[in-house]
Amino acid sequence: MNSTALAAIDPNSHGQRVFHATHFGPFEAVVRDGRVTAISPITHLDKQPTDMLMLGTIDRVYDESRILYPMVRKSYLDNWQTGDTKPELRGKEEFVRVDWDTALALTASAIIKTIEADGNEAIFSSSYGGWANAGSFRPNVMQQRFFNLIGGCTITQGDFSAGASQVALPHIIGDMEVYSPQTAWEVVRDNTEVFVLVGCDPIKNNRIEYTVADHGMYGPWAEIRDAGCRFISINPQRTASDQYLNAEWEKIIPNTDIALFLGMAHHVLDQGLEDQEYMGMYTVGSEKWIAYVKGEAEDATPKTPEWAAAITGIPADRIRELAELFAKSRTQFGGAWSLQRAHHGELTHHAIINFAALIGKIGKPGEGVGFSWHYGNGGMPQSGQPTPTGLSSGKNLVDKLCPASRIVEMLENPGKEFFYNGQTRTYPDVKMIYNAGNNFVSHQQDLNRLLKAFGKLHTIVSQDIWWTAAVRWADIVLPASGTLERDDISVGGTYSNDKIYAMKKVIEPLGESKSDYEIFEALADKMGLWAQFTDSVDYMDHIRAAYGRSGASKTTPFEEFWEKGYALQPAPPEARKWVRHGSFYEDPEGHPLHTLSGKIEMFCQTIADMKVADNPGMPVWQEPLEYLGNAQEGQLHIVSPHPWYRLHSQMDNSDQLRDLYKIDGREPVRMNRQDAEARGIADGDLVEIRNDRGAIIAGAVLSDDIMPGVMSLYEGVWPDLDSKGRCNSGQINWITSERPASGLTQATIANTCVASVAKCEDAERPNQAYRKPAILEDYQFAAIDEDALGLDRVAELVESLYANMEPGERIFYQRCTVCHGPRDPKGFTQLQWRGITPSMFPRAGLDDDEAKLVTEFLMKNASDAPAVH
């Protein structure tokens, strides 16, 4: 079990140290008598270990909220044969401890009955994104592999992180941008004079990564700052990044950034500071947008700084000052994902792009736009090497989908048409949800509506490590082991991809928990599909094969890598000079963007032709559904950024971390001192935040570093409902709106939310979000006759599902990964696929011939591919 990382070279130290890696960083676990007793960071791999790694990692392994045995909700267990399972009791009644055979048989039976009665599309997979752990054998991939073996299921499309821009930006600038590497930090250090953080907080958000965090950008950010770069932060609150980077804080009313960039554009045009030559060479549609800015078209209102000041709260003179500063300096814009998690959200990123193009910045060294500086250590040089890829998910034969934030609408409106990314589709009639490693009952909006919509479902299966919200409202609960209790493999740096990590098994699984691979292997075995799922290979051989597909395998043998715990695949020297959009700027004809025009589309005809009422193809001001400009008297705008001590809801069940920041056991809400004093609220008071969607209880933190009229409460809290239906824990999504960002993207608008706040005088009891529900340990129930269920009959349905797959199709489903994009070729247009595949193919390790085969497959099957007769 031992490792040979530098943290363990002391010959006199306790010897049982095991290398592992998580979203929170690489480390060695100190194991005594089969129990993890300490975490030893490896500072040459992780430059700045966080409290999440050092405290939370052990805490949550042994927390009371661990699920140790299979469970079934009592009424479901009693009445699964009759169907009278009383779904209204989900989240309220006891669970019964059962054996694995019972839990798996009930799960398999529900799956088969659903397929036979309503088709595969009636099963919905709420697992997406793969944030459950940093490994290559994530639960969402294992789940999709299993379901695709039996014909597939309805899946989610897009995500909550950047669901609006990942649809719109490929049409506008030829790439998702939100999941793309950023200009190498040394180029910024040596060239950038002004760095504009628009809602962007890299110091906080880079504490975690989709793969394994190494916190490599903290030193470079300091170098950029110390080189004399001037930072401007446009944000309703002052952030950790603002403090670290000595940024000038520009307070702005939430959801009004579009108006600010329109107002600055008007002043640039008024002063003749626009770059006509740049726009003529690198953009299309500038004339139409400029006419709108000047008030010569559309609403005939000039978007002057005075006009923008009335909307944004930023004085007109300051808007003029900023416009001139940005136009006359070497300026880099860093836009956050949070900006587009709002009503009309995708237009905000479009507005930033248009302003940067207006002043001729995009693609120049140290200048331009970037929408991922706050994620994945954006700015670190890229290795360009392929990364480990685990088991393929296979091909989903169901073409039904649900945009990630529209689950409530799907459940409420089966058969309803909806428009998404240029396609008109219909919602399936879902009867069953299978959820693995995803706390979707926390990250959906308007949770009261979601729980009510659950009433139409006959079965919810949740497979997880802890009693999260998604598990508490389930019928069948399958206990998964944590990553410290299994072997896996991952990569360091979401963009740098310069380290490959062994996620070694540290301890034995707790209770009767199994790895996600083992659970789906057992479920496949129940249905007679064991060989197809496992591919007749030992699990460790899968890890060995995954490593063999990485760049590091060319120089470091697997045995050496696994014994040491990591292998390096360093970035080449030229990566340190890479500029985002640089090749396009240097040669727009030879390296066009993957847009219809090959250029930056300041007015996008492709989007305009879709005739979506709330997106005319260019960034225009439209009043948000709710914001301070139309709020009722006394209401404040509440924003919900990513948390400091959690990865979304992960780590909320760590006692030691909660001790660092919770107030009387509730999530803290940051509010302006004037707003609090006007309502009789003191620092540390419990407060009730309410609107017509629900109510939550939180702890007040008074601050002068958030503007009046705004509150900030981190997303991701585990919920706990009191007798009045209030979330006693402070989970923001009891009050956020389920409405979509636009008819184009159907994305979340979590940051478009207003609510009233008052001191809470009637909290009923302490927060119980982290306690187990009531469990009946010795409840007597009838044994299940699996022979009578005939679970293996599903094998007849899937015998030849993949027999006729063409070579490019097979490679796509087996090896290509586009973590936040569609798993169906029809999910994107040909141009959108051309914009994504340059980053997808290298990570998948495809050679030129394989890449050509996959490209041909995608072009033939994209949403806009010509019909074949």
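This chain uses plain numbering: 1 for the first residue, then up along the sequence. Worth knowing before you read on, the calculation uses all heavy atoms, side chains too, and leaves out hydrogens, waters and symmetry mates. Note that this is a predicted model, so its numbers are computed, not measured.
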Specify the closest pair of heavy atoms between [X] and [Y], including all atoms of both residues, with the distance to one decimal.
{"X": "Tyr495", "Y": "Gly376", "answer": "CD1-O, 3.5 Å"}
{"X": "Ala436", "Y": "Ser127", "answer": "N-OG, 2.6 Å"}
{"X": "Gln237", "Y": "Pro641", "answer": "NE2-CG, 3.7 Å"}
{"X": "Ser405", "Y": "Phe160", "answer": "CA-CZ, 3.6 Å"}
{"X": "Ala700", "Y": "Met671", "answer": "CB-SD, 4.4 Å"}
{"X": "Ile67", "Y": "Trp466", "answer": "CD1-O, 3.1 Å"}

Side-chain heavy-atom pair [X], [Y] within 4.5 angstrom cut-off:
{"X": "Trp131", "Y": "Asn438", "answer": "no"}
{"X": "Leu628", "Y": "Val710", "answer": "yes"}
{"X": "Met503", "Y": "Leu484", "answer": "no"}
{"X": "Asn140", "Y": "Tyr128", "answer": "no"}
{"X": "Leu457", "Y": "Leu411", "answer": "yes"}
{"X": "Glu346", "Y": "Leu169", "answer": "no"}
{"X": "Ser136", "Y": "Asp488", "answer": "yes"}
{"X": "Asn615", "Y": "Leu347", "answer": "yes"}

[atom1]/[X] to [atom2]/[Y] distance, rounded to the nearest 0.5 angstrom?
{"X": "Gln463", "Y": "Asn435", "atom1": "CD", "atom2": "CG", "answer": "9.0 Å"}
{"X": "Leu53", "Y": "Met651", "atom1": "CG", "atom2": "CE", "answer": "7.5 Å"}
{"X": "Thr348", "Y": "Ile258", "atom1": "OG1", "atom2": "CD1", "answer": "3.5 Å"}
{"X": "Ser756", "Y": "Gln635", "atom1": "OG", "atom2": "CD", "answer": "6.5 Å"}
{"X": "Ile433", "Y": "Ile460", "atom1": "CD1", "atom2": "CD1", "answer": "5.0 Å"}
{"X": "Glu93", "Y": "Glu88", "atom1": "CD", "atom2": "CD", "answer": "8.5 Å"}

For the aromatic rings, using the six-membered ring if either is Trp, is the centroid distance between [X] and [Y] under 6.0 Å?
{"X": "Tyr627", "Y": "His637", "value": "no"}
{"X": "Phe124", "Y": "Tyr434", "value": "no"}
{"X": "Tyr714", "Y": "Trp644", "value": "no"}
{"X": "His642", "Y": "Trp337", "value": "no"}

[Y] backbone acceptor or donor facing [X] side chain under 3.5 Å:
{"X": "Asp664", "Y": "Leu686", "answer": "no"}
{"X": "Asp159", "Y": "Ala162", "answer": "yes"}
{"X": "Ser241", "Y": "Ile203", "answer": "yes"}
{"X": "Glu121", "Y": "Lys400", "answer": "no"}
{"X": "Trp467", "Y": "Arg472", "answer": "no"}
{"X": "Asn148", "Y": "Ser393", "answer": "yes"}
{"X": "Thr426", "Y": "Gly415", "answer": "no"}
{"X": "Ser729", "Y": "Trp718", "answer": "yes"}
{"X": "Asn439", "Y": "Thr468", "answer": "no"}
{"X": "Asn728", "Y": "Ile696", "answer": "no"}

- Message: Under the criterion salt bridge (Lys or Arg N to Asp or Glu O under 4.0 Å), I'd like the reasoning laid out for Arg666 against Glu688: C-alpha separation, chi angles, the key distance, then a yes or no.
- Response: CA-CA 11 Å; Arg666 279 82 170 184; Glu688 180 177 315; over 6 Å; no

Is any side-chain N of the basic residue among [X] and [Y] closer than 4.0 Å to the acidic one's carboxylate O?
{"X": "Asp722", "Y": "Lys724", "value": "no"}
{"X": "Arg646", "Y": "Glu667", "value": "yes"}
{"X": "Arg90", "Y": "Asp475", "value": "yes"}
{"X": "Arg693", "Y": "Glu626", "value": "yes"}
{"X": "Asp720", "Y": "Arg771", "value": "no"}

- Item | Residue list, salt bridge (Lys or Arg N to Asp or Glu O under 4.0 Å) with Glu64, at least two apart or on another chain | none

Decide whether [X] and [Y] meet the rule of one side-chain donor and one side-chain acceptor closer than 3.5 Å.
{"X": "Thr748", "Y": "Gln445", "result": "yes"}
{"X": "Thr459", "Y": "Tyr76", "result": "yes"}
{"X": "Asn751", "Y": "Ser338", "result": "no"}
{"X": "Asp175", "Y": "Ser180", "result": "yes"}

- Could you walk me through whether Arg60 and Gln650 pass the side-chain contact (heavy atoms from CB on, under 4.5 Å) check? CA-CA 9 Å; Arg60 63 181 190 155; Gln650 293 184 43; 3.5 Å; yes

- Task: Under the salt bridge (Lys or Arg N to Asp or Glu O under 4.0 Å) rule, what do Lys416 and Glu409 come out as? Steps first, then yes or no, please.
- Result: CA-CA 9 Å; Lys416 178 184 176 181; Glu409 184 175 66; 3.0 Å; yes

- State which residue, out of Asp63, Asp652, Asp655, fulfils the side chain to side chain donor-acceptor pair (under 3.5 Å) condition with Tyr770.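 Running side chain to side chain donor-acceptor pair (under 3.5 Å) over Asp63, Asp652, Asp655 with Tyr770 returns exactly one hit, Asp652.
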
- Query: With Glu715, which of Gln731, His648, Arg341 fulfils side chain to side chain donor-acceptor pair (under 3.5 Å)?
  - Reply: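 When Gln731, His648, Arg341 are each tested with Glu715, the side chain to side chain donor-acceptor pair (under 3.5 Å) holds only for His648.
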
- Geometric class of the Tyr517/Phe137 ring pair [parallel <30°, tilted 30-60°, perpendicular >60°]: perpendicular

- Message: Trp373: which residues meet the ring pair (Phe, Tyr, Trp, His ring centres under 6.0 Å) condition with it, sequence neighbours left out?
- Response: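 Trp373 satisfies ring pair (Phe, Tyr, Trp, His ring centres under 6.0 Å) with Phe195, Trp221 once adjacent residues are dropped.
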
- Report the residues that fulfil ring pair (Phe, Tyr, Trp, His ring centres under 6.0 Å) with His349, sequence neighbours left out, ordered by chain and then residue number. Phe371

- Query: Any chance CZ of Arg739 has more than 12 other-residue heavy atoms, nucleotides or ligands included, within less than 6.0 Å?
  - Reply: no

- Query: Got more than 12 heavy atoms from elsewhere within 6.0 Å of NZ, Lys452?
  - Reply: no

- Candidate pair Leu401 and Asp399, rule side-chain contact (heavy atoms from CB on, under 4.5 Å), full reasoning: CA-CA 6 Å; Leu401 59 85; Asp399 66 356; over 6 Å; no

- Given Glu738 and Arg406, is the salt bridge (Lys or Arg N to Asp or Glu O under 4.0 Å) satisfied, shown in steps? CA-CA 8 Å; Glu738 195 266 342; Arg406 313 307 302 144; 3.2 Å; yes

